[in-house]
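Okay, structure first, notes after.
What you see is a predicted model, and the numbers here were worked out from it, not measured in a lab.
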Amino acid sequence: MGKLVLLHKADSIYEDEPDVVYDFPRSYLKAVEEAVGDWIVYYEPVKAGPRGYFAVARIDRVIPKPGVEGRFLAMIAPGTFLPFDREVPRLVGGRPMEAALTEPDGSPKKGGAVQLAVRRLPEAEFARIVNLGLPQDLERIEETRYDPRPAGFDEGAEPFERPVLERLTRRPYRDVAFRRKVREAYGYRCAMSGLMLRNGGGRPEVQAAHIRPVDRQGSDSVRNGLALSGTLHWMFDRGLISVADDNETILVSRNKVPDEVVSRLLRQDGKLWKPGDTANWPSPANLTWHRENVFGQVIGDEPISWE
């Protein structure tokens, strides 16, 4: 096994879905096969966008791409993709994050290795990039974001140092990372009501909902998330509302949800409020999964009280 950097461009001819699959040519097959079972870091070059290193994931297996000679697919292990809380630039202090991209004098290399779509990544460099993108004390950062001294906060306590891989697999840590990215992507506004509510301390009331649940092979990608108010999150998880195949019209289980509830809770135009960055729009595949597997199927025939 061995860790890699995988270059991803949203407008590439290669059909990547970073939380599901990475599409690559035969020239990189040996390196990617050696990384099966190990973690990779995704990188978006500066010319394609401002992100730099932007996520981690683990490769599950490699298969030939059906119907395309000389192309292969690295299948991402379900539940392993995690976007960075903050993107990591290629250069920090004028020096590349990767030693392989650094000249002997510390300056950045040009051409050659810099242009490789798949690059081997030493353990220490992997840990450094992840630590910058996903701080070990992210849970504390979120806890104290709107209240610098929450109940039970010990002023003298230092953040507990967890190994990088333990952090990447801990559900509580991943939940915090997912929530921060989804709410930020939607500007802390509910995607279905259009409302942006905050409590007296400034804490956003909007929650982050997985479209396809993690325990049903959903990912922690922003594209598998919707920012929803508590009530709409509850309704979405229970199949009372969903999104149509145009990926924006809100569907309502009319035999379960009264019209007056719809008029109070949903945007007047009945459409989703989407993030400004199209790269964060909900995945059509995930919306289809929710519509086909959750909508209208979770709640039984028992009456629901809307009072």
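By the criterion of side-chain heavy atoms lying less than 4.5 angstrom apart, applied directly or through intervening Ile, Leu, Val, Met, Phe, Trp or Tyr residues, Val262 is grouped together with Met192 in one hydrophobic cluster. Under a hydrophobic-cluster definition in which Ile, Leu, Val, Met, Phe, Trp and Tyr are linked whenever side-chain heavy atoms come within less than 4.5 Å, directly or via other members, Leu116 and Tyr14 are assigned to different clusters. One hydrophobic cluster, built from ILVMFWY side chains closer than 4.5 Å, cannot hold both Val214 and Val294; they sit in different ones. Cluster annotation: Tyr173 is connected to Val56 through the hydrophobic network of ILVMFWY side chains, with a link wherever side-chain heavy atoms come within less than 4.5 Å. Put simply, Leu101 and Tyr43 are part of two different groups of oily side chains (I, L, V, M, F, W, Y) that touch within less than 4.5 Å, one to the next.
We find that Lys181 and Glu87 are joined by a salt bridge, their nearest charged nitrogen and carboxylate oxygen being less than 4.0 Å apart. Arg183 and Glu205 are not joined by a salt bridge, as no carboxylate oxygen comes within less than 4.0 angstrom of a charged side-chain nitrogen. A salt bridge links Glu123 with Lys3: the distance from a Lys NZ or Arg NE/NH1/NH2 to an Asp or Glu carboxylate oxygen falls below 4.0 Å. Note on Asp220 versus Arg171: salt bridge recorded, some NZ/NE/NH1/NH2 to OD/OE distance being below 4.0 Å.
A donor-acceptor contact shorter than 3.5 Å links the side chain of Trp281 to the backbone of Pro275. Under the 3.5 Å distance criterion, the side-chain polar atoms of Arg212 are matched with a main-chain donor or acceptor of Arg216.
In this structure, the side chains of Leu240 and Val257 come closer than 4.5 Å at one or more pairs of heavy atoms. No side-chain heavy atom of Thr80 sits less than 4.5 Å from a side-chain heavy atom of Leu168. For the pair Val41 and Leu6, the minimum side-chain heavy-atom distance is 4.5 Å or more. Under the 4.5 Å side-chain criterion, counting only non-hydrogen atoms from C-beta, Val243 is not in contact with His290. Looking at Arg90 and Met97, their side chains never come closer than 4.5 Å, going by heavy atoms from C-beta outward. Side-chain contact between Leu232 and Leu265: present, with at least one pair of heavy atoms (C-beta onward) separated by less than 4.5 Å. By the 4.5 Å heavy-atom criterion applied to side chains, Arg179 and Glu142 are counted as neighbours. In this structure, Cys190 and Trp273 have side chains that are not in contact, with every pair of non-hydrogen atoms separated by 4.5 Å or more.
The salt bridge (charged side-chain N to carboxylate O under 4.0 Å, His left out) check on Lys30 picks up Glu34, with sequence neighbours excluded. Looking at residues two or more places apart in sequence or on another chain, you find a side chain to side chain contact (heavy atoms under 4.5 Å, CB included) between Ser219 and Asp19, Ser221, Asn224. For Ser253, the side-chain hydrogen bond (donor to acceptor under 3.5 Å, both in side chains) test picks out Asn255, with sequence neighbours left out. In this view, Thr288 and Arg291 satisfy the side-chain hydrogen bond (donor to acceptor under 3.5 Å, both in side chains) rule, not counting sequence neighbours.
Side-chain contact of Lys109 with Thr102: a donor-acceptor pair under 3.5 Å is absent, judged by distance alone. Side-chain contact, Gln207 with His233: a donor N or O sits under 3.5 Å from an acceptor N or O. A donor-acceptor contact closer than 3.5 angstrom is absent between the side chains of His210 and Asn286.
A pairwise comparison of heavy atoms in Ala55 and Pro83 identifies CB-CA, 3.8 Å as the closest pair. The two residues Pro213 and Trp289 make their nearest non-hydrogen contact at CD-CZ3, 3.5 Å. Residues Pro18 and Tyr42 approach most closely at O-OH, 2.8 Å, considering heavy atoms. Closest approach of Ala177 and Leu82 over heavy atoms only: CB-CD1, 4.0 Å. The minimum heavy-atom distance between Tyr186 and Ala191, with the atom names listed, is CE2-CB, 3.7 Å. Taking every heavy atom of both residues into account, Arg95 and Asp105 meet most closely at NH1-O, 4.4 Å.
A 6.0 Å sphere centred on CD of Gln217 holds no more than 12 heavy atoms belonging to other residues, nucleotides or ligands. Counting heavy-atom neighbours within 6.0 Å of Glu260 CD, excluding the residue itself, gives a total above 12.
Stacking of Arg238 on the aromatic ring of Phe295 is not recorded, the 6.0 Å distance cut-off and the 45° axial limit not both being met.
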Between Asp246 and Lys271, does the side-chain contact (heavy atoms from CB on, under 4.5 Å) criterion hold? Intermediate values first, please. CA-CA 10 Å; Asp246 64 0; Lys271 306 290 187 181; 3.9 Å; yes

Which atom pairs, one a donor and one an acceptor, fall under 3.5 Å between side chains of residues 20-28 and the rest of the protein, sequence neighbours left out?
unit_1, atom_1, unit_2, atom_2, d
Tyr22, OH, Leu7, O, 2.6
Asp23, OD1, Arg71, NE, 3.0
Asp23, OD2, Glu15, N, 2.9
Asp23, OD2, Lys65, NZ, 2.7
Asp23, OD2, Arg71, NH2, 2.9
Arg26, NH2, Glu69, OE2, 3.3
Tyr28, OH, Ala117, N, 3.0

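Judged as a side chain to side chain donor-acceptor pair (under 3.5 Å), the pairs with a partner in residues 53-63 (not counting sequence neighbours) are, in order, Tyr53-Glu98.
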